[in-house]
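These figures come from a predicted structure and were not determined experimentally.
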Amino acid sequence: MSPLLYGHHTDECIVAVHQLNDSLVRIYKRIEGKATHEDVEFFPFFFLADASLITGFPAFYWIKELAGQHDYKHLLVFKRWNEMWEGVNFVLNQYNKTRRPRAESYQDVDSLLFRPDPVYQYLMQSGKTSFKGMSFRDLNRVQIDIQVYSANQRLTDALKQQCRIVVISMSDNLRWKQQLDGRKLDEKEMLLQFIALIQAKDPDIIEGHEFFSFVLPYISQRCELLGLDLTLGRGQHALKTYQKRFYSEDEFTVYDCPGRHLIDTSHLVRTYDYSKRSLEGYDLNHLSAHFQVQQSVAIPKHRVTSVWDESPEILLQYSLGNARVIELVSERLSPSNFYLAQMCPFGYGTLAQLGSSARLESLVLREYLRQKHSIPRPQRGSQAVGGYTDIFSTGVLENVLQADGESLYPSIMISKPVKPRTDTLDVFVPLLRELTSLRLKAKSNMKRAKSARSRSHFDAMQSAFKILINSFYGYLGYSRGLFNDYQQADVVTSTGQTILRSILKEIELFNAFPIEVDTDGIFFIAPDNIRGEKNTEAFVERVSKTLPAGINLVLEGRYKKMLSYKMKNYALLDESDNLIIRGSSLISRSMERFSRLFVQRCIECLLTDDIPRLHHTYASFTTLVRNHQWEAADFCRTETVREDLETYTRLVEHGQRNVSAAYEAARKAGLYFKAGERISYYVTGTHQEVKIADNCRIADEWDSNLPDENTAYYFGRLNESAEKFREFFEPEDFKIIFSLDDLFGFSPKGIRILTKKVTREKAEGAKESEENEEFGIWLGENE
DNA sequence: GGACTCCGTATACC
DNA sequence: ACGGGTATACGGAGTCC
């Protein structure tokens with residue numbers, strides 16, 4: 001097991017670490033199902049750039065001069081956590097004696113490199129990590145769902161007397177379930193039993209949805225109101241909260257459950273959707289649909305109170321169903337974090353909330369600390385080059401192939417190689433090599449696996465490796481990365497561009513026809529004589545052979561039809577007739593649902609060459625709009641608000657912000673909102689050209705008996721969507737298809753879908769030879 | 001006052 | 001607490017004639 005990747009200590013079965021006092025951490029292990037613990041000494045530390053800032057500090061500390069020439073060249077180690085804080089504050093004061101502007105907190109002291117997380121510090125210095133020798137199923141995970149009685153399900157109601165928790169549902173990963181019923185128990189008794197149940201089950205992990213933003217704050221505020229200690233931690237330790245202020249202004253509450261980990265599935269889902277983009281919403285009702293989890297009913301938030309009044313059994317059932325959804329969502333999304341926790345020196349719950357750069361950096365820092373080497377400071381600047389994107393043809397094309405440079409950026413970093421200039425100990429590239437080879441192994445184990453359980457085990461493992469592998473390039477250009485290096489990031493991207501251009505040239509040489517390229521891959525039509533699975537594979541392989549060592553081109557997809565619209569905007573019809581639509585101008589979530597559906601139908605017609613149906617689609621959508629044959633959900637827009645109501649109103653009054661429709665609609669409806677909430681609104685009025693911020697209402701206010709949406713405006717929106725298809729037809733044909741003038745009946749006769757070559761006025765000729773030269777030099781290096 | 005450009009924000013691709 | 005650059009869409013403000 002690689003110490004670089006997994007830490008230099010081989011201790012197994014650690015399920016949690018927590019700070020017991022100023023000098024001890026308690027380590028919990030779960031061996032053969034039983035939880036045990038031991039207490040060990042740990043030594044708080046931080047890095048310092050300027051040793052004079054600690055001169056004169058009265059308490060005991062060690063100072064170690066680190067090897068190398070990087071900025072953070074002193075390691076300060078303390079015996080006690082409180083003395084470390086005194087050290088930090090001493091440094092802050094010394095700093096403020098001479099530096100301007102004054103540093104408000106340690107975070108502003110650039111001479112200080114410090115992470116005030118005792119678990120992280122202990123794992124860093126010991127080389128231990130969580131979960132070694134365990135599998136995800138060895139953990140005991142409990143899920144919690146609460147339902148609260150209040151007028152509008154707001155967190156701010158948690159302190160009101162007339163509000164209360166009416167249901168607490170719990171489940172675990174071994175199908176245990178338990179429910180506390182607000183009809184039988186008062187709230188205090190419910191909370192006491194809840195705490196007792198957690199202590200009895202003794203889970204390693206507690207999971208919930210909107211856990212940090214709603215469930216835990218609500219529970220802890222009710223406990224405070226009722227005078228209860230919320231002792232959810234191991235060893236009867238209470239749940240701890242503290243306020244964290246980041247570089248931005250807003251504060252938020254961090255929860256720490258001693259000896260356990262807290263997982264918010266809404267965060268898992270957001271991270272998941274960040275790359276998949278397949279979710280319409282993040283609440284549990286959406287999740288049960290998306291992850292195909294059985295859920296008997298779906299109760300919207302604003303209905304909870306009335307459901308409890310009318311039929312409490314239904315709410316009880318719903319809440320238990322929620323706990324089950326949380327369990328299954330976590331089972332799907334958590335395992336990759338589990339395997340990351342075997343590598344990265346963070347508590348599992350902390351890790352789940354971190355970005356990929358912090359994860360990668362923790363591995364590097366652990367090794368620099370182990371070798372007692374100085375640490376560089378982030379470089380200021382920005383990247384100059386990105387990926388190469390281009391489009392060569394628009395229209396509907398047949399027999400399209402997609403070929404990608406396999407893990408292009410990581411492959412470039414390995415084979416060139418590319419590493420931060422500050423990586424004196426040469427950690428990055430070996431780490432990347434190791435991860436790549438382990439990922440290959442995990443993938444081949446996955447293919448050979450006999451059971452579904454074993455397959456998903458290896459799948460989660462390879463995806464943990466993939467997460468780290470894919471963060472190497474982004475890290476180079478990350479402004480806060482200690483080892484960032486913008487020049488090297490540019491080397492990766494410009495090399496990627498060169499490779500992509502060379503792929504383009506090669507396939508053209510073979511008489512293939514390129515459609516579009518983007519960053520690491522290409523859509524193209526194979527030459528006439530290359531048809532069928534075998535031949536196309538061989539063709540891609542032949543092109544791949546022309547690329548530098550370590551760079552592979554692989555066939556990613558084979559499609560019956562492709563609609564090429566604009567760069568990064570296209571649709572594909574695969575061999576099983578699945579339709580895939582990509583690009584913000586074709587499927588954006590900011591489009592109204594009817595526009596999205598209209599565009600989708602039109603694309604279907606275009607890909608199946610069904611012009612009569614295309615015309616019919618336009619006509620029938622026109623009828624829907626004209627006759628109000630729809631629901632608010634079909635034509636409203638949903639936006640995420642960035643500020644709460646007060647902040648918005650203040651900024652607008654001071655002219656620091658423009659008015660915006662979503663805010664105005666909510667304000668007029670008397671609806672309070674917080675930053676980050678999503679608001680759905682629609683456009684009112686009678687003219688197409690209305691100022692939207694003055695003519696909008698909240699979607700919930702729409703009444704099908706008195707429809708007041710702006711028909712002219714929405715008809716205009718339909719026509720705007722139709723405009724996207726103008727370039728696929730001759731002007732007169734477009735006019736016939738997208739109109740209602742059917743006096744003589746609609747006839748598709750003579751109408752043809754146009755395919756156009758995209759012409760650009762770029763003058764690229766001069767650059768070409770230069771790039772080839774660079775390419776040649778690199779080839780030379782590899783031989 | 002209408003047509004135009006510019007710019008910030010939102011969303012998406014890789 | 002936070003990988004990145006490239007691309008399209010859109011509303012609002014400012015600018016020009």
Side-chain angles (χ1 to χ4, degrees), chain A residues 107 115 117 212 244-248 250-252 254 267 270-271 273-278 346 350-361 378 382-391 402 404-405 407-410 467-481 483-486 488-490 492-494 496-497 500 516-523 556 565-570 580-591 595-596 599 637-642 655 657-662 664 678 683 689-694 696 716-717 720-721 723-724:
Chain A
Q107 292 181 63
R115 189 178 180 102
D117 172 351
F212 300 136
K244 207 153 191 184
R245 185 167 31 85
F246 296 113
Y247 302 91
S248 57
D250 25 318
E251 280 195 356
F252 78 79
V254 178
H267 188 267
R270 243 194 308 280
T271 312
D273 194 49
Y274 189 68
S275 54
K276 295 259 177 197
R277 294 175 303 277
S278 49
F346 288 106
T350 309
L351 183 76
Q353 297 189 71
L354 291 173
S356 53
S357 284
R359 293 164 176 186
L360 168 58
E361 192 169 86
S382 61
Q383 240 177 288
V385 192
Y388 168 43
T389 308
D390 213 343
I391 185 167
Q402 179 187 17
D404 285 357
S407 299
L408 185 60
Y409 284 1
I467 288 166
L468 288 172
I469 289 167
N470 287 341
S471 64
F472 276 72
Y473 156 70
Y475 183 81
L476 289 174
Y478 173 42
S479 60
R480 304 180 55 82
F483 292 84
N484 68 0
D485 189 331
Y486 297 108
Q488 293 308 306
D490 283 342
V492 175
T493 49
S494 57
Q497 289 216 9
L500 215 58
E516 143 155 7
V517 291
D518 191 353
T519 310
D520 64 351
I522 178 164
F523 287 101
E556 269 296 311
Y565 178 50
K566 287 182 173 169
M567 288 183 195
K568 298 176 192 280
N569 285 273
Y570 57 85
I580 301 155
I581 302 176
R582 288 275 149 83
S584 59
S585 62
L586 298 177
I587 53 148
S588 169
R589 273 190 277 205
S590 63
M591 287 163 84
S595 301
R596 218 160 45 213
V599 168
R637 274 197 210 189
T638 304
E639 288 176 13
T640 312
V641 293
R642 314 193 106 237
R657 190 200 194 294
N658 295 327
V659 289
S660 167
E664 291 300 315
R678 289 177 71 75
V683 180
E689 309 276 333
V690 291
K691 193 171 174 190
I692 294 175
D694 296 334
C696 53
R717 291 288 298 159
E720 279 172 36
S721 296
E723 278 303 312
K724 295 183 199 295

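Among C/dA1, B/dC14, C/dA7, the nucleotide with an atom closest to any side-chain atom of A/D520 is B/dC14. Distances from the side chain of A/K568 to the nucleotides B/dT11, C/dT6, C/dC2 place C/dT6 closest.
A/D518 has its CG atom 18 Å from the P atom of C/dG4, to the nearest Å. Atoms CD1 (A/I587) and C1' (C/dA7) sit 14 Å apart, rounded to a whole Å. Regarding A/I692, its CD1 atom lies at a distance of 5 Å from the P atom of C/dG11, rounded to whole Å. Distance CG (A/L586) to P (B/dA12): 12 Å, rounded to an integer number of Å. Going from atom CE of A/M567 over to atom P of C/dA9 covers 12 Å, rounded to whole Å. In this structure, CZ of A/R596 is placed 16 Å from P of C/dA9, rounded to the nearest angstrom. Look at NZ on A/K724: it is 13 Å from C1' on B/dA12, rounded to the nearest Å. Taking atom CG on A/D490 and atom C1' on C/dT6, their separation rounds to 14 Å, with Å as the unit.
Not one N or O on the side chain of A/E556 forms a donor-acceptor pair closer than 3.5 Å with the backbone of A/I522. Between the side chain of A/Y409 and the backbone N or O of A/D520 there is no donor-acceptor pair closer than 3.5 Å. In this structure a side-chain-to-backbone donor-acceptor pair under 3.5 Å is missing from A/E664 to A/D694. Side chain of A/T493 to main chain of A/V385: a donor-acceptor pair is present (N/O by atom type, distance under 3.5 Å, no hydrogens or angles). No side-chain donor-acceptor contact under 3.5 Å links A/D518 to the backbone of A/K568.
Using a 4.0 Å heavy-atom cutoff across all strands shown, A/A358 reaches sugar-phosphate atoms only and no base atom. Looking at heavy-atom distances under 4.0 Å, A/Y486 makes no contact with the nucleic acid at all. Looking at heavy-atom distances under 4.0 Å, A/R717 makes contact with sugar-phosphate atoms alone, never a base. Contact annotation for A/L354: backbone-only contact, meaning every heavy-atom pair under 4.0 Å involves sugar-phosphate atoms and none involves a base. Residue contacts shown for A/S590 are limited to sugar-phosphate atoms, with no base heavy atom under 4.0 Å away.
In this model, the phosphate group of B/dA10 is not approached by any side-chain N or O of A/R589 to a distance below 4.0 Å at OP1 or OP2. Distances shown here put every side-chain N or O of A/Y478 at or beyond 4.0 Å from the OP1 or OP2 atom of C/dA1. Here A/K566 does not reach the OP1 or OP2 of B/dA12: none of its side-chain N or O atoms lies under 4.0 Å away. Side-chain nitrogen and oxygen atoms of A/S585 include at least one within less than 4.0 Å of the OP1 or OP2 phosphate oxygen of C/dA9. For A/R582 and C/dA7, the shortest distance from a side-chain N or O to OP1 or OP2 is not below 4.0 Å. Within the structure, a side-chain polar atom (N or O) of A/Y570 is placed less than 4.0 Å from OP1 or OP2 of B/dC14. Side-chain N/O atoms of A/R480 include none lying less than 4.0 angstrom from OP1 or OP2 on C/dC2.
Checking C/dA1 for Watson-Crick or G-U wobble geometry (two distances, each under 3.5 Å) identifies no partner in any strand. Figure legend. B/dC7 is base-paired to C/dG11; pairs are counted as Watson-Crick or G-U wobble with both atom distances under 3.5 Å.
Each of A/K691 and A/E720 was assigned the nucleotide of DNA chain C with the nearest heavy atom; the assignment lying further toward the 5' end belongs to A/E720.
Taking each heavy atom of A/L500 and A/V517 in turn, the nearest pair found is CD2-CB, 4.0 Å.
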